[in-house]
Amino acid sequence: MLIQMVETELEKRKQQGTYKGGFGGQSHFFGYEGRCGLPTNFDSTYCYALGYGVAALLQSGKTGLISSVGNLCAPVEEWIVGGTALTSLMDVERRHGMHQWWQ
């Protein structure tokens, strides 16, 4: 709604000759921040476990990994914290018979 209001105002100013620039508004969804809601106990525990995983990976000198937590349906004591290779999360796209590595 704010973007639409700004676009309307700038269009009005262009017609009056007081604005010559361009505007390309971009919206973003902020999740909890936008709703001002507190994270659940699961969210907090999960993020704590992810942070623990990051610390363990760094201390072990592991690179190219992203912290991961598995077995999330089980009690917290049975969660499995580890690392997942970033390359396993990537997909190489082929266009016109050529790999598009940067996509």
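Because the structure is predicted, anything quoted here is derived from the model rather than measured.
Residues S67 and G53 approach most closely at OG-CA, 3.5 Å, considering heavy atoms. Shown here for W79 and N71, the closest heavy-atom pair between the two residues is CD1-O, 3.2 Å. Of all heavy-atom pairs between V81 and A49, the closest is CG1-O, 3.7 Å. Nearest heavy atoms, V69 versus L72: CG1-CD2, 3.4 Å. Considering all non-hydrogen atoms of both residues, S60 and A56 come closest at OG-O, 2.9 Å.
Each of L89 and L65 belongs to its own hydrophobic cluster when Ile, Leu, Val, Met, Phe, Trp and Tyr are linked at side-chain heavy-atom distances under 4.5 angstrom. Linking Ile, Leu, Val, Met, Phe, Trp and Tyr whenever their side-chain heavy atoms come within less than 4.5 Å puts F23 and L2 in one cluster. Hydrophobic clustering (ILVMFWY, side-chain heavy atoms < 4.5 Å, transitive): Y19 and V6 are in one cluster. Cluster membership for V76 and F42, using ILVMFWY side-chain heavy atoms within less than 4.5 angstrom, is shared. No path of Ile, Leu, Val, Met, Phe, Trp and Tyr side chains, each step under 4.5 Å between heavy atoms, connects Y52 with L57, placing them in separate hydrophobic clusters.
Under a 4.0 Å N-O distance rule, the pair E11/K14 does not qualify as a salt bridge.
No side-chain N or O of N41 forms a donor-acceptor pair with one of S44 less than 3.5 Å apart.
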